[in-house]
Amino acid sequence: MSGPAWRTWLAPFLLIGALAGCAAPPPSSPQPVPKLSYVALLPSPDGSVGVVEVQGTRGTQRLTRAHDAALLDGSQAPAPVDAARFKRDFADAIAARPELPLHFMLYFETGGTQLTPESMELLPRIVDRAAHRRTVDLSVIGHSDTVGKTDLNDNLSLRRAQTVAEIIKGMGLKVDALVVESHGKRNLLVPTPDGTPEPRNRRVEVTIR
Amino acid sequence: MKMRLFALITLLAAALSALADEAPIGYVKTLTGSATITTGSNKVAAQLGTPLFQGSQLKTGPKSSLGVTFKDDTVMSFGADTVLTVDEYLYAPSQGKLKLGSSLAKGSMNYVSGVIAKLQPDAVSVKTPTGTIGVRGTQFVVKVDDTAP
């Protein structure tokens, strides 16, 4: 980057460094980069931007704009993070970010462990996506709709999850860790009153991590 | 008789809670260089697939990095010379039990928040020596320079 643009971009954090009490270097020596403890907000992988709040020993700051940063002691208002510093401080941590988890929903005919035809067709794709990962931990969570008693639904949604886990293993996927759980009717995708047949709630959620 | 029953229940409760503590809360997914995972008195060299537990301390060496994925889809990755402890981890959405408290003593971290931050934002925090970070469903990076203010 050329000199002036680089200076402008760097200015907010140099300011923070100076105000945070870093000793000024002797004029003849090259300018050292002040060391800082700080947090910077990034867009989520889906593109949305959330909020980070830091409660420090010297104040509280709220970050709401992507690429804004604040010192961890809360002493300075948020300012855009300097690009060169950001790269130096975080390139390795960002490069080490694991592949994000993937989610799939499988649906069932009422009352049993028979997958719908569409969900049967989805299974090979799930296995294919998982097989591309270096390590695979899989969670298979069964859910039911609200027709019937809690314990019956717990049992049914467990059998649904077990059915899916067996099919996936039968397709030759090597899994490092597998968790099979049942949430019965306690974790509805579509909230309904008790006793409501709802196909979207008769589901097994498969997560590849 | 009553005492004995009480003792049995206490024993059972202890066994159950030990069991709960022993379930992995996440796994190592990426690694360059060297890193260790210490849980209680058990210290292991991190490898792909090494499990993490509540209380685990994650430590990366010089020129090393580490990436982990938790049960609730929280994804953390660390640069060199980093020390992070998972102080508290609870993930039982159907019982409304949610908590992810961690401490970054030094180093650098990239954090992608997961289901816990989505369902109960105030249950997620990252402590550092000078301040505590709260998270409302997002990605952020944090650097702790233990020689800096």
Side-chain angles (χ1 to χ4, degrees), chain A residues 17 20-22 34-45 48-61 63 66 69-75 81 86 89-101 103 133-135 137 139 176-177 179 181 183-184 186-187 207 209, chain B residues 23-24 26-32 47-49 51 60 63-71 73 75-80 82 93-95 104 106-114 117 121 125-126 128-149:
Chain A
C22 290
K35 292 179 170 181
L36 297 173
S37 292
Y38 65 102
V39 56
L41 181 62
L42 301 180
S44 296
S48 66
V49 177
V51 177
V52 157
E53 199 175 82
V54 58
Q55 285 185 359
T57 49
R58 298 174 64 192
T60 297
Q61 303 296 338
L63 301 177
L71 294 179
L72 291 176
D73 66 7
S75 62
V81 67
F86 179 82
D89 285 343
F90 297 114
D92 54 353
I94 289 172
R97 195 180 84 183
E99 280 188 84
L100 296 173
H103 299 267
R133 299 201 165 202
R134 291 174 71 191
T135 70
D137 68 282
S139 96
D176 299 279
V179 173
E181 279 177 24
H183 288 181
R186 286 162 296 155
N187 196 352
T207 308
R209 297 193 187 88
Chain B
Y27 294 92
V28 171
K29 292 287 173 186
T30 67
L31 174 70
T32 57
Q47 295 179 317
L48 298 187
T60 58
K63 294 182 182 162
S64 299
S65 67
L66 178 75
V68 300
T69 303
F70 290 87
K71 269 199 317 190
D73 294 351
V75 174
M76 298 182 191
S77 50
F78 312 97
T82 298
S94 58
Q95 296 159 46
L104 184 67
K106 63 168 188 167
S108 60
M109 168 166 76
N110 184 88
Y111 191 114
V112 183
S113 66
S125 65
V126 181
T128 74
T130 52
T132 299
I133 298 165
V135 186
R136 307 277 177 275
T138 192
Q139 179 167 220
F140 65 90
V141 287
V142 51
K143 165 91 178 167
V144 172
D145 190 317
D146 52 0
T147 61

Peer 1: CD of A/Glu53 to OG of B/Ser125: how many Å apart, nearest 0.5 Å?
Peer 2: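 OG of B/Ser125 is found 12.0 Å from CD of A/Glu53.
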Peer 1: Contact part of B/Tyr111 toward chain A, heavy-atom cut-off under 4.5 Å: side chain, backbone, both or neither?
Peer 2: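 Contact with chain A involves no heavy atom of B/Tyr111 at all.
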Peer 1: Atom OG1 of B/Thr138 and atom CG of A/Leu63: how far apart are they, to the nearest 0.5 Å?
Peer 2: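 Going from OG1 on B/Thr138 over to CG on A/Leu63, the span is 9.5 Å.
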Peer 1: Against chain A, label B/Val112 side chain, backbone, both or neither, depending on which of its atoms sit under 4.5 Å from a heavy atom there.
Peer 2: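 B/Val112 touches chain A through side-chain heavy atoms alone.
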Peer 1: Shorter than 4.5 Å, heavy atoms on both sides: which option in B/Lys63, B/Gln95, B/Lys143, B/Met76 has the most such pairs with chain A?
Peer 2: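 Counting heavy-atom pairs under 4.5 Å, the top option is B/Lys143.
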Peer 1: State, without any angle test, whether B/Lys29 and A/Thr135 hold a side-chain donor-acceptor pair at a distance under 3.5 Å.
Peer 2: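 A/Thr135 and B/Lys29 do have a side-chain donor-acceptor pair below 3.5 Å.
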Peer 1: Tell me, out of B/Ser65, B/Gly49, B/Ser77, B/Ser64, who's got the most heavy-atom pairs with chain A below 4.5 Å.
Peer 2: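 Heavy-atom pair counts peak at B/Ser77.
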Peer 1: Of the backbone (N, CA, C, O) and the side chain (C-beta and beyond), which part of B/Tyr27 lies under 4.5 Å from a heavy atom of chain A, both, or neither?
Peer 2: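 When you check distances to chain A, only side chain atoms of B/Tyr27 fall under 4.5 Å.
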Peer 1: Quick one: what part of B/Leu48 sits under 4.5 Å from any heavy atom of chain A, side chain, backbone, both or neither?
Peer 2: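 Contact with chain A involves both backbone and side-chain atoms of B/Leu48.
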Peer 1: Can you tell which part of A/Thr57 gets under 4.5 Å to a heavy atom of chain B, answering side chain, backbone, both or neither?
Peer 2: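 Both parts, backbone and side chain.
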Peer 1: Which of these, B/Leu104, B/Thr132, B/Thr128, sits in a side-chain contact (heavy atoms from CB on, under 4.5 Å) with A/Leu72?
Peer 2: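 So the option named by the test is B/Thr128.
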Peer 1: Which distance, rounded to the nearest 0.5 Å, do you find between the CZ of A/Arg209 and the CG of B/Asp73?
Peer 2: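 The distance works out to 4.5 Å.
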Peer 1: Let me know if A/Asp89 has heavy atoms under 4.5 Å from chain B in its side chain, its backbone, both or neither.
Peer 2: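 It is both, since atoms from each part get that close.
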Peer 1: Identify which part of A/Thr60 has an atom lying under 4.5 Å from any heavy atom of chain B, answering side chain, backbone, both or neither.
Peer 2: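 No part of A/Thr60 comes within 4.5 Å of chain B.
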Peer 1: Okay, side chain of B/Thr30, backbone of A/Ala96: is any donor-acceptor separation there less than 3.5 Å?
Peer 2: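 Side chain of B/Thr30 to backbone of A/Ala96, a donor-acceptor pair under 3.5 Å: yes, one is there.
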Peer 1: Give the minimum heavy-atom separation between A/Pro101 and B/Val75, together with the two atoms involved.
Peer 2: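 A/Pro101 and B/Val75 have their closest heavy atoms at CD-CG2, 4.0 Å.
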Peer 1: With respect to chain B, which residue among A/Ala95, A/Ala40, A/Gly50 yields the maximal number of heavy-atom pairs within a distance under 4.5 Å?
Peer 2: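 Among the listed options, the one with the most contacts to chain B is A/Ala40.
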Peer 1: Counting heavy-atom pairs closer than 4.5 Å to chain B, which one of A/Ser48, A/Pro45, A/Ser139, A/Gly74 comes out on top?
Peer 2: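 With the most close heavy-atom pairs to chain B, the winner is A/Pro45.
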Peer 1: Based on non-hydrogen pairs under 4.5 Å, which of A/His103, A/Gln55, A/Arg186 is most in contact with chain B?
Peer 2: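 Ranked by heavy-atom pairs under 4.5 Å with chain B, first place is A/Gln55.
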Peer 1: Quick one: what part of B/Val126 sits under 4.5 Å from any heavy atom of chain A, side chain, backbone, both or neither?
Peer 2: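 Answer is neither: B/Val126 stays 4.5 Å or more from chain A.
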Peer 1: To the nearest 0.5 Å, what is the distance between OG (B/Ser108) and CD1 (A/Ile94)?
Peer 2: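 B/Ser108 atom OG to A/Ile94 atom CD1 measures 9.0 Å (nearest 0.5 Å).
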Peer 1: Using non-hydrogen atoms and a 4.5 Å limit, figure out which bit of B/Ala80 sits close to chain A: side chain, backbone, both or neither.
Peer 2: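 Both backbone and side chain of B/Ala80 come within 4.5 Å of chain A.
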Peer 1: If we only count heavy atoms from C-beta on, is the A/Pro43 to B/Gln139 side-chain gap below 4.5 Å?
Peer 2: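 A/Pro43 does not reach B/Gln139 side chain to side chain.
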Peer 1: Does some side-chain heavy atom of A/Val39 sit less than 4.5 Å from a side-chain heavy atom of B/Val141?
Peer 2: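 No, every pair of side-chain atoms sits at 4.5 Å or beyond.
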Peer 1: Roughly how far, to the nearest 0.5 Å, is CG of B/Asp146 from NZ of A/Lys35?
Peer 2: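 One gets 8.5 Å once the value is rounded to the nearest 0.5 Å.
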Peer 1: Between A/Val51, A/Leu41, A/Val54, which residue shows the highest count of heavy-atom pairs closer than 4.5 Å to chain B?
Peer 2: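 Top count of heavy-atom pairs under 4.5 Å with chain B: A/Val51.
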Peer 1: Starting at CG of B/Asn110, measure out to CG of A/Asp92 and round the result to the nearest 0.5 Å.
Peer 2: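 Nearest 0.5 Å value for the CG-CG distance: 10.5 Å.
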Peer 1: Mind checking what makes side-chain contact (heavy atoms from CB on, under 4.5 Å) contact with A/Glu99, not counting sequence neighbours?
Peer 2: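 Listed in chain order: A/Arg133.
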Peer 1: What part of B/Lys71 gets within 4.5 angstrom of chain A, counting heavy atoms only: side chain, backbone, both, or neither?
Peer 2: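 When you check distances to chain A, only backbone atoms of B/Lys71 fall under 4.5 Å.
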Peer 1: Determine the option with the most heavy-atom pairs under 4.5 angstrom with chain B, choosing from A/Gly56, A/Ser44, A/Pro98.
Peer 2: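 When all of A/Gly56, A/Ser44, A/Pro98 are compared, A/Pro98 has the most.
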